[in-house]
*Asks:* 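Pasting a structure here, questions to come.
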Amino acid sequence: MAIDLSPKVAKKVYGGDGGSYCAWCPSDLAMLREGNIGAAKLALEKNGFALPRYSDSAKVAYVLQGNGVAGIVLPEKEEKVVALKKGDAIALPFGVVTWWYNKEDTELVVLLLGDTSKAHKTGEFTDFFLTGSNGIFTGFSTDFVSRAWDVDEEAVKSLVGNQTAEGIVKLDESFAMPEPKEEHREGFVYNCEEAPLDVDIKDGGKVVVLNTKNLPLVAEVGLGADLVMLNGSAMCSPGFSCDSALQVTYIVSGSGRVQIVGVDGHRVLETTVKAGHLFIVPRFFVVSKICDPDGMSWFSIITTPNPIFTHLAGRTSVWKALSPQVLEASLKVSPDVEQLFRSKRVNEEIFFPPPK
């Protein structure tokens with residue numbers, strides 16, 4: 001598979017005083033196009049307001065940093081105004097209209113990962129803005145706007161021409177945005193940093209899985225996700241998705257080494273990753289990670305809402321299920337070596353603590 005799998009960082013698409021919108025481009029990261037995946041990052045400064053928009057792609061949003069507010073409107077539903085904090089994951093199905101706002105001193109940073117199989121451009125998100133210099137009002141003639149919204153010509157001029165910014169604006173300190181409601185988070189937001197752990201291995205690592213059980217809306221998005229927190233110098237067991245799903249990984253914090261093995265046992269990637277990097281593991285390819293002494297965490301989406309993984313090392317390894325005779329013949333080793341191989345890693349499940 002002659003595709004560059006090297007991790008990449010996002011590039012700025014637009015922005016100003018209120019913040020910025022950055023995206024990963026298929027021209028830099030070819031697997032985005034190959035896998036029908038889009039990836040972007042929204043960063044809002046204090047009083048930054050990301051104007052209402054809808055997208056051509058279903059997405060999962062993950063709050064990397066800060067606190068803020070999001071407005072979410074599903075088709076033919078009322079607006080939900082939700083408070084956001086670090087660790088929040090939000091499922092955004094097709095047709096949803098969103099806006100984002102930050103009133104805190106700390107920058108609000110939101111990662112957006114999604115499926116572009118129905119998008120205008122494979123491997124890219126296209127947002128359609130309701131307002132702003134490139135909003136829908138600017139495309140219609142005055143008489144169409146006047147008739148559709150039953151307003152006079154002066155009002156049309158205000159609707160079309162007052163908001164001259166594109167995508168992101170900075171609001172006045174005194175401007176009062178809608179206040180979030182705690183009950184609006186239910187069913188829309190799941191905090192991965194506060195959720196019960198799906199995996200917790202001493203000195204190894206922790207995992208929280210986002211699926212249809214804890215956030216039913218991911219079924220409409222068609223994506224699953226997880227947050228993995230690996231302890232210092234620990235290793236993530238080699239494994240692969242056994243349901244033909246792609247895995248898209250964003251490094252949230254820390255750094256470490258990654259190896260990916262593909263067709264015919266060829267190592268197709270060996271590199272160092274750090275916070276801000278994004279890389280994609282093709283279907284059925286085997287990936288493993290070893291983090292640096294300070295540890296490493298990452299957020300991944302998987303292109304199925306309830307992913308299934310097979311691990312090749314550890315207590316749940318597929319090797320443990322194979323009979324001794326099959327291993328001896330397959331590896332061409334003696335019974336003593338087979339027994340040594342089988343007897344190792346009987347406690348750890350997915351993560352291996354650093355050697356003592």
*Asks:* Any idea which heavy atoms bring Gly123 and Pro26 closest together, and the distance?
*Replies:* O-CG, 3.4 Å
*Asks:* Grouping I, L, V, M, F, W and Y whenever their side-chain heavy atoms are under 4.5 Å apart, do Ile72 and Leu84 come out in a common cluster?
*Replies:* yes
*Asks:* Give me the ring orientation class for Phe49 and Tyr101: parallel if the planes are under 30° apart, tilted from 30 to 60°, perpendicular past 60°.
*Replies:* perpendicular
*Asks:* If we ignore hydrogens and angles and just use 3.5 Å, is the side chain of Ser146 paired with the main-chain N or O of Val151 as donor and acceptor?
*Replies:* yes
*Asks:* Apply side chain to side chain contact (heavy atoms under 4.5 Å, CB included) to Val63 and Lys85, showing your working.
*Replies:* CA-CA 7 Å; Val63 180; Lys85 58 185 176 180; 6.0 Å; no
*Asks:* Check the side chains of Thr116 and Ser57 for a donor-acceptor pair under 3.5 angstrom, ignoring hydrogens and angles.
*Replies:* no
*Asks:* Could you give me the CA-CA distance, side-chain angles and deciding distance for Cys22 and Lys11, then say whether side chain to side chain contact (heavy atoms under 4.5 Å, CB included) is met?
*Replies:* CA-CA 5 Å; Cys22 301; Lys11 294 182 178 179; 6.0 Å; no
*Asks:* Would the distance check show the side chain of Lys8 and the main-chain N or O of Ser6 forming a donor-acceptor pair, the cut-off being under 3.5 Å?
*Replies:* yes
*Asks:* In a check of ring pair (Phe, Tyr, Trp, His ring centres under 6.0 Å) between Phe137 and each of Phe129, Phe144, Trp149, which one passes?
*Replies:* Trp149
*Asks:* Indicate yes or no: at least one non-hydrogen side-chain atom of Val69 is less than 4.5 angstrom from one of Trp99.
*Replies:* yes
*Asks:* Under a single-linkage definition using a 4.5 Å side-chain heavy-atom cutoff for Ile, Leu, Val, Met, Phe, Trp and Tyr, are Leu32 and Tyr250 assigned to the same hydrophobic cluster?
*Replies:* yes
*Asks:* So for atom CD, which belongs to Glu186, do other residues, nucleotides or ligands contribute more than 12 heavy atoms lying within a distance under 6.0 Å?
*Replies:* no
*Asks:* A side-chain contact here means heavy atoms from C-beta on lying under 4.5 Å apart; do Pro324 and Gln339 qualify?
*Replies:* no
*Asks:* Considering only heavy atoms from C-beta outward, does the side chain of Val160 approach that of Phe140 to under 4.5 Å?
*Replies:* no
*Asks:* Pairing donors with acceptors under 3.5 angstrom, does anything connect the side chains of Ser300 and Thr249?
*Replies:* yes
*Asks:* Which heavy atom in Pro305 sits nearest to a heavy atom in Val218, and how many Å separate them?
*Replies:* CB-O, 4.0 Å
*Asks:* Do Asp17 and Lys170 pass the salt bridge (Lys or Arg N to Asp or Glu O under 4.0 Å) test, and can you show the C-alpha distance, the side-chain angles, and the key distance before you say yes or no?
*Replies:* CA-CA 6 Å; Asp17 291 343; Lys170 188 167 186 175; over 6 Å; no
*Asks:* Should we count CD of Glu153 as having more than 12 external heavy atoms under 6.0 Å?
*Replies:* no
*Asks:* Quick one: does Ser330's side chain have a donor or acceptor within less than 3.5 Å of a partner on Val326's backbone?
*Replies:* yes
*Asks:* Could you grab the distance from atom CD of Glu34 to atom CG of Leu246, nearest 0.5 Å is fine?
*Replies:* 9.5 Å
*Asks:* Set out, in order, the CA-CA distance, both residues' side-chain angles and the distance that settles salt bridge (Lys or Arg N to Asp or Glu O under 4.0 Å) for Glu179 and Lys103, then state yes or no.
*Replies:* CA-CA 11 Å; Glu179 290 295 324; Lys103 62 179 179 180; 3.7 Å; yes
*Asks:* Is there a side-chain contact between Leu74 and Phe188 in this structure, where contact means two heavy atoms from C-beta onward sitting under 4.5 Å apart?
*Replies:* yes
*Asks:* Mark yes when over 12 heavy atoms from residues, nucleotides or ligands other than Asp143 sit less than 6.0 Å from its CG; otherwise mark no.
*Replies:* yes
*Asks:* Looking at side-chain heavy atoms only, is the closest gap between Asp115 and Val221 below 4.5 Å?
*Replies:* no
*Asks:* Verify whether the ring centers belonging to Trp100 and Tyr21 lie closer than 6.0 Å.
*Replies:* no
*Asks:* Whether the side chain of Asp127 engages the backbone of Arg53 through a donor-acceptor N/O pair (distance < 3.5 Å, no angle test) should be reported.
*Replies:* no
*Asks:* Any chance you could measure Asp294, atom CG, to Ser233, atom OG, to the nearest 0.5 Å?
*Replies:* 8.5 Å
*Asks:* Backbone N or O of Arg267 within a donor-acceptor pair of the Gln259 side chain at under 3.5 Å?
*Replies:* no
*Asks:* Testing the basics here: between Val273 and His277, what is the closest heavy-atom pair and its distance to 0.1 Å?
*Replies:* CA-ND1, 3.5 Å
*Asks:* Could you report the tightest heavy-atom contact between Leu230 and Cys236, atom names first, then the distance?
*Replies:* CD2-N, 4.2 Å
*Asks:* Do you know which two heavy atoms are closest between Asn231 and Cys291, and how far apart they sit?
*Replies:* O-SG, 2.7 Å
*Asks:* So, do Val82 and Pro180 sit near enough that their side-chain heavy atoms are less than 4.5 Å apart?
*Replies:* no
*Asks:* Among the clusters formed by ILVMFWY side chains lying less than 4.5 Å apart, do Ile90 and Tyr62 turn up in the same one?
*Replies:* no
*Asks:* What do the steps show when you test Lys41 against Leu64 for side chain to side chain contact (heavy atoms under 4.5 Å, CB included), and what is the final call?
*Replies:* CA-CA 9 Å; Lys41 195 158 53 173; Leu64 297 168; 3.8 Å; yes
*Asks:* Rounded to the nearest 0.5 Å, what's the gap from CD1 on Ile260 to OG1 on Thr271? Could you check?
*Replies:* 9.5 Å
*Asks:* Step by step, would you call Asp336 with Ser334 a side-chain hydrogen bond (donor to acceptor under 3.5 Å, both in side chains)?
*Replies:* CA-CA 5 Å; Asp336 289 344; Ser334 67; 5.0 Å; no
*Asks:* I'd like to know if the side chain of Asp264 and the backbone of His266 have a donor-acceptor N/O pair within less than 3.5 Å.
*Replies:* no
*Asks:* Group every Ile, Leu, Val, Met, Phe, Trp and Tyr by side-chain heavy-atom contacts under 4.5 Å, then state whether Leu269 and Ile251 land in the same group.
*Replies:* yes
*Asks:* Do Asn191 and Arg185 touch side chain to side chain, with heavy atoms closer than 4.5 Å?
*Replies:* yes
*Asks:* Kindly compute the distance separating OG1 (Thr98) from NZ (Lys80), expressed to the nearest 0.5 Å.
*Replies:* 16.0 Å
*Asks:* In terms of heavy-atom contacts, does OH of Tyr14 have more than 12 from other residues, nucleotides or ligands at under 6.0 Å?
*Replies:* yes
*Asks:* Begin with the C-alpha distance, continue with both residues' side-chain angles, and end with the deciding distance and a verdict on salt bridge (Lys or Arg N to Asp or Glu O under 4.0 Å) for Lys86 and Glu193.
*Replies:* CA-CA 8 Å; Lys86 183 174 179 289; Glu193 293 190 355; 2.6 Å; yes
*Asks:* Got more than 12 heavy atoms from elsewhere within 6.0 Å of CD, Glu183?
*Replies:* yes
*Asks:* Counting the benzene-type ring for Trp, do Phe128 and Tyr54 have ring centres under 6.0 Å apart?
*Replies:* yes
*Asks:* Between Asn214 (side chain) and Val209 (backbone), is there a donor-acceptor pair under 3.5 Å?
*Replies:* yes
*Asks:* With heavy-atom distances below 4.5 Å as the criterion, would you say the side chains of Val228 and Phe351 are in contact?
*Replies:* yes
*Asks:* Would Leu210 and Leu197 show up in the same hydrophobic cluster when neighbours are defined by side-chain heavy atoms closer than 4.5 Å?
*Replies:* yes
*Asks:* Determine, step by step, whether Phe299 and Leu113 satisfy the side chain to side chain contact (heavy atoms under 4.5 Å, CB included) criterion, reporting the C-alpha distance in whole Å, the side-chain angles of both residues, the deciding distance to 0.1 Å, and the verdict.
*Replies:* CA-CA 10 Å; Phe299 184 80; Leu113 302 173; 4.3 Å; yes
*Asks:* Report the distance from atom NZ of Lys206 to atom CG of Asp200, rounding to the nearest 0.5 Å.
*Replies:* 5.0 Å
*Asks:* To check you understand the geometry: which heavy-atom pair defines the closest contact between Ala61 and Leu112, and what is its length?
*Replies:* CB-CD2, 3.6 Å
*Asks:* Report the distance from atom CG of Asp105 to atom NZ of Lys46, rounding to the nearest 0.5 Å.
*Replies:* 4.0 Å
*Asks:* Between Asp56 (side chain) and Thr126 (backbone), is there a donor-acceptor pair under 3.5 Å?
*Replies:* yes
*Asks:* Verify, without hydrogens or angle tests, whether Asn102 (side chain) and Thr106 (backbone) share a donor-acceptor contact under 3.5 angstrom.
*Replies:* yes
